[in-house]
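None of these values were measured; they are calculated from a predicted model.
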Amino acid sequence: MVLDLPNEQLADLAQIEHVDYVKQANNENLALIDGLGLYAGNDDTFARVLDLGGCGGILVSSHVAGDQMRRMVDEPEHRAEINDSLRSCSPRCSSPPTRSR
């Protein structure tokens, strides 16, 4: 089940003990929320989440581009360049797998 909660409600949930992080996959609601660590839920928002001060991402492309994504965390001065180089990875990662006959 996927829930798309407004940021105001996420801020309320942050007041509950052990509610510490949110995986945000709604690009329109992408923002830091007081009391919650932010993880990107989409490949195309990973750099933006890091720029905002987020914690990282839970991403499909990390399986094939993990080293480059790690560099985006470790080398913020090169983040935009690395992100641009990864744009071609996302479409392949989201395509349905081919079946062998």
Side-chain angles (χ1 to χ4, degrees):
M1 174 189 295
V2 175
L3 296 175
D4 185 12
L5 301 175
N7 288 347
E8 296 79 23
Q9 190 170 4
L10 291 171
D12 290 341
L13 291 172
Q15 305 309 308
I16 299 171
E17 187 177 5
H18 304 297
V19 176
D20 299 317
Y21 300 92
V22 63
K23 174 189 171 190
Q24 183 57 274
N26 182 331
N27 297 345
E28 289 79 38
N29 288 341
L30 195 61
L32 290 179
I33 297 170
D34 243 3
L36 290 178
L38 177 64
Y39 283 94
N42 295 329
D43 294 335
D44 62 340
T45 61
F46 183 52
R48 191 166 144 217
V49 164
L50 294 175
D51 288 343
L52 288 170
C55 304
I58 302 169
L59 308 165
V60 171
S61 293
S62 65
H63 298 287
V64 294
D67 291 342
Q68 293 93 325
M69 290 182 157
R70 180 74 234 180
R71 284 186 55 222
M72 289 174 69
V73 173
D74 295 338
E75 302 173 28
E77 68 278 8
H78 299 292
R79 187 174 292 147
E81 176 187 334
I82 298 165
N83 187 54
D84 289 343
S85 75
L86 292 175
R87 291 196 192 278
S88 64
C89 179
S90 291
R92 282 196 304 271
C93 292
S94 62
S95 299
T98 57
R99 295 187 181 196
S100 301
R101 292 184 178 218

Worksheet, complete the sentence: Shortest non-hydrogen pair, L5 vs N29, comes out as O-ND2, 4.2 Å

Discussion item. Can you tell me which residue among D43, N42, D44 is in a side-chain hydrogen bond (donor to acceptor under 3.5 Å, both in side chains) with S61?
Written reply: D43

Response to the item:
One should read off an interatomic distance between I82 CD1 and E77 CD, to the nearest 0.5 angstrom, of 8.0 Å

Worksheet entry | Donor + acceptor pair across side chains of N26, D4 (<3.5 Å) | yes

Worksheet entry | hydrophobic_cluster_shared for V22 and L30, side chain cutoff 4.5 Å | yes

Worksheet item: Is V19 linked to Y21 within one hydrophobic cluster, defined over Ile, Leu, Val, Met, Phe, Trp and Tyr using a side-chain heavy-atom separation of less than 4.5 Å?
Response: no

Item to complete: For L38 and A31, work out which heavy atoms get closest and say how close.
Response: CD2-O, 3.7 Å

Practice prompt. Could you tell me the separation between the CG atom of D74 and the CE atom of M69, rounded to the nearest 0.5 Å?
Written response: 13.5 Å

Discussion item. Which heavy atom of P76 sits nearest to which heavy atom of V73, and what is that distance?
Written reply: CD-O, 3.9 Å

Worksheet item: Do side-chain atoms of D20 reach the backbone of G37 as a donor and acceptor pair under 3.5 angstrom?
Response: no

Worksheet item: Rounded to the nearest 0.5 Å, how far does CZ of R48 lie from CD of Q24?
Response: 9.5 Å

Discussion item. Could you check whether R71 pairs with D67 (Lys NZ or Arg NE/NH1/NH2 to Asp/Glu carboxylate O, under 4.0 Å)?
Written reply: no

Discussion item. Applying a strict under-4.5 Å side-chain criterion to I, L, V, M, F, W and Y, I'd like to know whether L52 and Y39 cluster together.
Written reply: no

Discussion item. How long is the straight-line distance from OG1 of T45 back to CG of D51, given to the nearest 0.5 Å?
Written reply: 11.0 Å

Practice prompt. Could you tell me whether D34 atom CG has more than 12 heavy atoms of other residues or ligands within 6.0 Å of it?
Written response: no

Item to complete: Work out which heavy atom in A40 is nearest to a heavy atom in V49; give both atom names and the distance.
Response: CB-CG2, 3.6 Å

Item to complete: Working to the nearest 0.5 Å, report the span between NE2 of H78 and CD of Q68.
Response: 14.0 Å

Fill in: More than 12 heavy atoms of other groups within 6.0 Å of E17 CD
no

Item to complete: Kindly determine whether L86 and M72 satisfy side chain to side chain contact (heavy atoms under 4.5 Å, CB included), including the steps that lead there.
Response: CA-CA 11 Å; L86 292 175; M72 289 174 69; 3.8 Å; yes

Fill in: Nearest heavy-atom neighbours spanning A14 and L36
CB-CG, 3.5 Å

Worksheet item: Should F46 and I58 be counted in the same cluster of Ile, Leu, Val, Met, Phe, Trp and Tyr side chains packed under 4.5 Å apart?
Response: no

Worksheet entry | Gap between atom CG of L13 and atom CG of L3 - 0.5 Å precision | 9.5 Å

